[in-house]
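Treat the numbers as computed from the prediction; the structure is a model and nothing was measured.
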Amino acid sequence: MKRLAISMTNSHLPNIGLGEFENSIALRLACRAAELQRDFGIRMTFIVNEKQVGAYGSDVDYITIKGLKKACLKCSVFTPFRNWLLPKFDMLHWTNQMFKYRVKFAPLQLMTIHDLNYLHNGISDIHKRKKTFVAQRRVNQMTHLSFISKSTRDDVRSHLVAPQPSRVIYNGVTNLNNPDTDYSSVLSGMRLPDKFLFHISRWVRKKNVVLALEMMRHLPDERLVLAGTGDKRQEQLVFDTIKAYNLTNVTVVGRVSSEQKAALLSRCKGLVFPSRSEGFGLPVVEAMCFGKPAFITNLTALPEVGGDVCYYFKSFDPREMAQVVKEGLADYASNPAAKAAALKARAAMFDWDRAVDEYVQYYIDILSGSERQ
């Protein structure tokens, strides 16, 4: 029996990107667990937060890492004691590049790299070198890699030494579009305009939320609904910008539930998402599931996701961005049925079942020795 461990330590946080990723693949891997054990002799163990023990059924095993064990595993000096600290695994899949453990968990280690966005976010060279050093150290521990986009793969190959076998496996998206749902009650009390553009994100510098607000100065006939939250500094910056420019065409709704997000995407005219860097760009695909046009940058992974069905900002000049939105809305309105169908077809390319099929095949190939360095 081959023992495969998979890190799912964010799966209890489905409202953040990594949490949605881990929970989405964990649910589907658990459904394949009995088949993998029967047909390929692979037994899966999920490394989870305490809250998730048992959450994915009895066909997978569970372990938690906490307290003294967690502290020991962060120090490479404890590598000789690995068997005392952990069960024996033949392979471990790190589902993101953020892990802090220095002890090697298994002879075969796969890491999914979501992004190296720090390269594109305007931080100092000193901070870039520090982050690159840490990223390289983690890559050096791996025997295999996977990437959620070609853009991420290219960043890794350009800035790190990564000769390991690798594959690009695109994320899926949870299609929130349910035509039978009545969203009127979901949005009650929000005081929304009848027609509006929409932005949703975690308000951090790279998302360019303030830039989207500055763009609205040049779209006085449009309305923008802004969802999400940030730290105190970012939130203050957002509200100060709205006040400074007297942006009466902006409505802030803050943090929203999945149902509210779906309702807002259903009602909006389009998504405004001028992000500077993305490993994938989930909100863009979510908007496309509803057949809604997305206005995005042509940076990092966003063109891979948007293809030729999205509209692209060619600069960060607010006036020029506003013009892109005007022209895009007019183009969409020229044939909305066909445009919506093309957007939905593009979104259908990003499917969690397909992603998990590809991860399972990668596991089989690695454990069978057919995916060698």
Can you tell if the side chain of [X] reaches within under 4.5 Å of the side chain of [Y], non-hydrogen atoms only?
| X | Y | value |
| --- | --- | --- |
| C268 | K292 | yes |
| Q164 | T143 | no |
| L226 | V253 | no |
| I169 | T112 | no |
| H12 | V48 | no |
| L302 | V284 | yes |
| T174 | S24 | yes |
| L13 | N49 | no |

State yes or no: are the ring centers of [X] and [Y] separated by less than 6.0 Å?
| X | Y | value |
| --- | --- | --- |
| F280 | H114 | no |
| F105 | F89 | no |
| Y56 | F46 | yes |

Side chain to side chain contact (heavy atoms under 4.5 Å, CB included) between L282 and F21, worked out: CA-CA 10 Å; L282 181 62; F21 170 80; over 6 Å; no
Atom [atom1] of [X] with >12 non-hydrogen neighbours under 6.0 angstrom:
| X | atom1 | answer |
| --- | --- | --- |
| K269 | NZ | yes |
| R202 | CZ | no |
| D39 | CG | yes |
| R137 | CZ | yes |

Tell me whether [X] contacts the main-chain N or O of [Y] through its side chain, where contact means a donor paired with an acceptor under 3.5 Å.
| X | Y | value |
| --- | --- | --- |
| N249 | E222 | yes |
| N208 | L211 | no |
| E22 | T9 | yes |
| S7 | T95 | no |
| Q109 | H93 | no |
| E286 | N175 | no |
| E235 | G230 | yes |
| R38 | A33 | no |

Modelled atom types, side-chain donor and acceptor of [X] and [Y], under 3.5 Å:
| X | Y | answer |
| --- | --- | --- |
| N171 | E20 | no |
| H127 | Y118 | no |
| S188 | S185 | no |
| S368 | S370 | yes |
| Q97 | R138 | no |

Mind running salt bridge (charged side-chain N to carboxylate O under 4.0 Å, His left out) on K207 and E278 for me, showing each step along the way? CA-CA 9 Å; K207 299 295 185 180; E278 296 291 327; 2.5 Å; yes
Between atom [atom1] of [X] and atom [atom2] of [Y], what is the distance when rounded to the nearest 0.5 Å?
| X | Y | atom1 | atom2 | value |
| --- | --- | --- | --- | --- |
| E50 | Y62 | CD | OH | 15.0 Å |
| Y101 | K69 | OH | NZ | 10.0 Å |
| T297 | M321 | OG1 | CE | 9.0 Å |
| M216 | T248 | CE | OG1 | 9.5 Å |
| D155 | I113 | CG | CD1 | 10.0 Å |
| C289 | R346 | SG | CZ | 12.5 Å |

Identify the heavy atoms of [X] and [Y] that sit nearest to each other, and give their distance.
| X | Y | answer |
| --- | --- | --- |
| M215 | P318 | CG-O, 3.7 Å |
| N117 | D115 | N-OD1, 3.1 Å |
| Y183 | A263 | CD2-CB, 3.4 Å |
| C310 | A294 | CB-O, 3.6 Å |
| F198 | A227 | CE1-CB, 3.7 Å |
| L116 | L160 | CD1-CD1, 4.1 Å |

Starting from [Y], can I reach [X] by hopping between I/L/V/M/F/W/Y residues whose side chains sit under 4.5 Å apart?
| X | Y | result |
| --- | --- | --- |
| F350 | L27 | no |
| F239 | L247 | yes |
| M8 | L36 | yes |
| I200 | L265 | yes |
| V168 | M349 | yes |

D357/R32 under side chain to side chain contact (heavy atoms under 4.5 Å, CB included): CA gap, chis, key distance, verdict: CA-CA 9 Å; D357 285 345; R32 303 282 299 274; 2.6 Å; yes
Under 4.0 Å between a side-chain nitrogen and a carboxylate oxygen: does that hold for R167 and D365?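 Yes, R167 and D365 are salt-bridged.
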Are K339 and D331 close enough for a salt bridge, meaning some N to O gap below 4.0 Å? yes
Verdict with supporting geometry, F313 and V325, side chain to side chain contact (heavy atoms under 4.5 Å, CB included): CA-CA 9 Å; F313 299 122; V325 172; 3.9 Å; yes
Among M44, K2, R43, find the one that has a side chain to side chain contact (heavy atoms under 4.5 Å, CB included) with Q37.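 Single side chain to side chain contact (heavy atoms under 4.5 Å, CB included) partner of Q37 among M44, K2, R43: R43.
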Any side chain to side chain donor-acceptor pair (under 3.5 Å) involving residues 314-324? Give me the pairs, sequence neighbours left out, ordered by first then second residue. S315-E320, Q323-E327
So which pairs with a foot in residues 192-201 pass side chain to side chain donor-acceptor pair (under 3.5 Å), sequence neighbours left out?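 Output for this query lists H199-S201.
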Can you list the other members of the hydrophobic cluster that holds L68, where links are side-chain heavy atoms under 4.5 angstrom apart?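 Besides L68, the hydrophobic cluster comprises nothing; the residue is isolated.
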Would you check, one step at a time, whether the test side chain to side chain contact (heavy atoms under 4.5 Å, CB included) holds for F316 with R276? CA-CA 10 Å; F316 286 138; R276 187 179 296 272; 3.7 Å; yes
Six-ring centre of F147, R153 cation under 6.0 angstrom, axis tolerance 45°: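 No, cation not above the ring by the 6.0 Å, 45° rule.
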